[in-house]
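Numbers here are sequence positions counted from 1. One-based numbering, in listed order, for ligands and for the atoms of each. The basis for the numbers below is simple: all heavy atoms, side chains too, and nothing from hydrogens, waters or symmetry mates. For clarity, every value in this text was computed on a predicted model and none was experimentally measured.
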Amino acid sequence: MTDGAQQPIYLADYTPFGWLIDQVELTFRLSPDATRVTSRIRFRPNPDAPGQEFFLHGEQLRLIRAAIDGAEVTPALSDTGLTCAVPDGPFTWEAEVEIAPNANTALEGLYMSNGMYCTQCEAEGFRKITYYPDRPDVMAPFTVRVESDLPVLLSNGNPAGAEAGWAEWHDPWPKPAYLFALVAGDLVAKSGDFTTASGKNVKLNIWVRPGDEDKCDYALDALIRSMRWDEEVYAREYDLDVFNIVAVDDFNMGAMENKGLNIFNSKYVLASPETATDDDFARIEAIIAHEYFHNWTGNRITCRDWFQLCLKEGLTVFRDQQFSGDMRSHAVKRIEDVLMLRARQFREDNGPLAHPVRPESYVEINNFYTATVYEKGAEVIGMLKRLVGDEGYARALDLYFDRHDGDAATIEDWLKVFEDATGRDLGQFKRWYSQPGSPRLSYTDHFNSGRYEIHFKQENQDTKSHPNKQPQVIPIAIGLLGPNGDEVLPTTVLEMTEARQSFAFDGLAARPVPSILRGFSAPVILDHDTTAQERAFLLAHDTDPFNRWEAGRALAKDVLIRMVADGAAPDATLLHGIGRVLTDDDLDPAYRALVLRLPSEDDIAQALFDQGRTPDPLTIHRASGALKDAIASHLRHDLGAAYEAMTCPGPYSPEAVDAGRRALRLAALGLLTRLDGGALATTHFTDADNMTDQQGALTALLAVGAGEDQAAAFYDQWRHDRLVLDKWFMLRAALAGPDNAAEVLTTLTRHADFDWKNPNRFRSVIGAYSGNAAGFHLADGSGYALVADWLIRMDGVNPQTAARMSTAFDTWRRYDADRQGQMREALERIQAHSGLSRDMSEMVARMLGD
Ligand code: B3K
Ligand code: ZN
């Protein structure tokens, strides 16, 4: 591991590269320990950036030879690349390098997984393959020749010839190096066809290891639906003859949108009813769509530099959210997205890792593939759409594709198309891209003689890195309900632009109940002391499904906080309110299941901290258990009825309707198991004929400290299926109770199947454990010490995966002095480790800094 350069890179320092590239030709002679890569690249001076020294990125490469226009040259080499004297005009650069994919444990560049060669180049992995200007604004068409005895040899673009021992690929679309991909292996394809709107036939292949081909149907179907949707909704057609997806077991993240050759973590491709849960199916659908949608938002139009990452990620997340909503239920999807946003992005935005949606500096760009860039980036687009309306949005997107196809673009370009298409000035709106932190929105209201006034206040807390924050544009979707629950003002979008701003509604017969921030119209923290009665009223009557759910959620949060802080008893208003929703057969079961789900223990810790209190994770854990017990006893009868009613006739289908019924049934089972000690869940486990039910029953049992026999049976049944075994590890680590959580973790990490260098397995154990609030925050600090040990160990082989999981410690300032000390000590111990990666050093420094 190298210490790497720790110097930050700044957005303000952007300069274009001094050359343009007309053509790239690469040849790979594959060998595990000594792969030879030869490159032939036609450069010509960039008239917009004359006079630069010729520098090519390159890391961990052994240069065999280099030549310019056929004449050998001897470049000056450093740890990060090479410089070389070059001619004034156009020239052809040639180089041959040697790399060792087998030794590449970081899984960035060209590496191996179970005998298969595969690449991951975003953000800066191409420089580990050959010398190149590895930056997104340098775009070129690529021709690639792969030589190997392996049967399947793939790269980007269209096939351009193949015989035994080699294959050639040509990608006509200019692309940055981060979209380069190569795969070679003993693979089989599940294939399909797609005819584009203009009548072009596209061959679709999902490549997997032999034996997995029967688990690709859903992914293939999701791909076809994504392709059709992008044509219908965004008028975007696919632009190559083939679209290949490859599933790989060792992968640092979910998937990668390489042009024409998406590479996926096998977890997000392979699914059968027996091995994948309903949630897995939904995630596969969303990720297949996300990567496919990148073909236009990311690949055809890419980012000028990595600071613009949200340009492709925020937009593509927004698009995949729209798609999933169209495929399933918009209301349920919105709630799930907001749950995730609050759990991950709000936590990030309100702690030491806060950064703007468009960051201004970084040391290691891989540390900025964050919830803020992705999920808040998507929220910003949702706000834009709300502000300019559906038609304005459609016009702006058409203009974006028209104007910027083939470009490496910026957020300024993006906002300009909205300004030009709609005539709006987005100067103030742009602050969403530059000011970190979740704004706090509060209000007071008055009713007098038929006039309802509401006075909003927004606070954008200053931080050291971002002092003097200015008011943001906040679209507040509001509705008003009359005293009988009838809607007296349908959803209306108020545009807040000032720090304080008032709005009035006239002609009302009685004081209304406001429903504010409908559909979660802006990523803000709504701060208002709403009474339990008012929340219960909204939970019963709000016509906006998001806010109806939100009312129940907020009520549960208030109740839990009072239970934790004052030892209060569970509140009857909440129990009745949940009961009404549970038994309302007009409501979608998936939606009802979400209403039964309580705020997470981490949410409560954050809420207490926000109120100036010191959260104790164990007290929160107990209170959360007590509230679940109270809901279970109070609603015993209705839960039993829901459990009986929510069976799914017919064979398993992953479609939303059946998945929703199973979700409600399992939510009921989880609560009922708290009452019966596990009798029903034991039967459910035995009868289960699909993974959703099997995992759901095991979860219910483990959550109450039972289920040892079922856990053992689950392990025996699935020990040879790596993805299902990940679930077993995950459940054990996530559900270990605080009494023995550290011991459980230690046992899991000593398990013969704890193949820790596999990122999925590592995340299933260490990631799940650090998300188990009561198990991680043990009073003696042993949870922190164990996780820190594993992060240090993982950092030595795979910095990206280790650094990403270090965020377990980002909440350290929330807790009592002892825990703060222990968490800080764990971070300092990581920091002091010699040879720490650049990725991890930056993360730890940010967490320890302010
Ligand atoms: N663009 C990739 C993420 C790359 C992460 C690099 N550390 C997947 C995606 O967002 O679609
Ligand atoms: Zn993406």
(request) Considering heavy atoms of the protein only, find what lies nearest to atom 3 (C) of ligand 1 and give residue, atom and distance to 0.1 Å. (result) Tyr374 OH, 3.5 Å
(request) Around atom 7 (N) of ligand 1, find the nearest protein heavy atom and jot down its residue, atom name and distance. (result) Asn366 OD1, 2.8 Å
(message) By the definition ring-ring contact (aromatic ring centres under 6.0 Å, His included), identify the one residue from Tyr400, Tyr292, Trp229 that meets it with Tyr234.
(response) Trp229
(message) Looking at every heavy atom in both Leu110 and Ile129, which two are closest together, and how far apart are they?
(response) N-CG1, 3.8 Å
(request) For Met256, counting its heavy atoms only, list the atoms of ligand 1 lying under 4.0 Å from any of them. (result) 1 (N), 2 (C)
(message) If we check salt bridge (Lys or Arg N to Asp or Glu O under 4.0 Å) with Glu379, which of these qualifies: Lys385, Arg342, Arg334?
(response) Arg334
(request) Check each of Glu59, Glu108, Gln120 against Lys128 using the side-chain hydrogen bond (donor to acceptor under 3.5 Å, both in side chains) test, and report the only one that passes. (result) Glu108
(request) Could you tell me how the ring of Tyr362 sits relative to the ring of Phe368: parallel (under 30°), tilted (30 to 60°) or perpendicular (over 60°)? (result) tilted
(request) Would you mind finding which of His294, Glu122, His290 brings a heavy atom closest to atom 6 (C) of ligand 1? (result) Glu122
(request) Assess Glu108 for proximity to ligand 1: is some non-hydrogen atom of it under 4.0 Å away? (result) no
(message) I'd like to know if Glu124 and Arg127 make a salt bridge, using a cut-off of under 4.0 Å between side-chain N and carboxylate O.
(response) yes
(message) Using a 4.0 Å cut-off to any heavy atom of Lys312, which atoms of ligand 1 qualify?
(response) 1 (N)
(request) Look at Asp249 together with Arg209 and state whether they make a salt bridge at an N to O cut-off of under 4.0 Å. (result) yes
(request) Do me a favour and list the nearest non-hydrogen protein atom to atom 8 (C) of ligand 1 with residue, atom name and distance? (result) Ala255 O, 2.9 Å
(message) Under a 3.5 Å cutoff, is there a donor and acceptor pairing between the side chains of Tyr238 and Glu231?
(response) no
(message) For ligand 1, which is the ligand I care about here, please tell me if Tyr369 has any N or O atom under 3.5 Å from one of the ligand's N or O atoms.
(response) no
(message) Only heavy atoms of Gln800, strictly under 4.0 Å: list the atoms of ligand 1 that pass.
(response) 7 (N)
(request) Name all residues meeting the side-chain contact (heavy atoms from CB on, under 4.5 Å) criterion together with Met116; count only those two or more places apart in sequence or in a different chain, and write none if there are none. (result) Cys118, Val183, Leu187, Val246, Val248
(request) Specify which N/O/S atom of His290 comes nearest to the Zn ion (ligand 2), by atom name. (result) NE2
(request) Give a yes or no on whether Glu313 keeps an N, O or S atom under 2.8 Å from the Zn ion (ligand 2). (result) yes
(message) Can you name the atoms of ligand 1, numbered from 1 with element, that are less than 4.0 Å from a heavy atom of Glu257?
(response) 1 (N), 2 (C), 8 (C), 9 (C), 11 (O)
(request) Check all N, O or S atoms of His294 and name the one closest to the Zn ion (ligand 2). (result) NE2
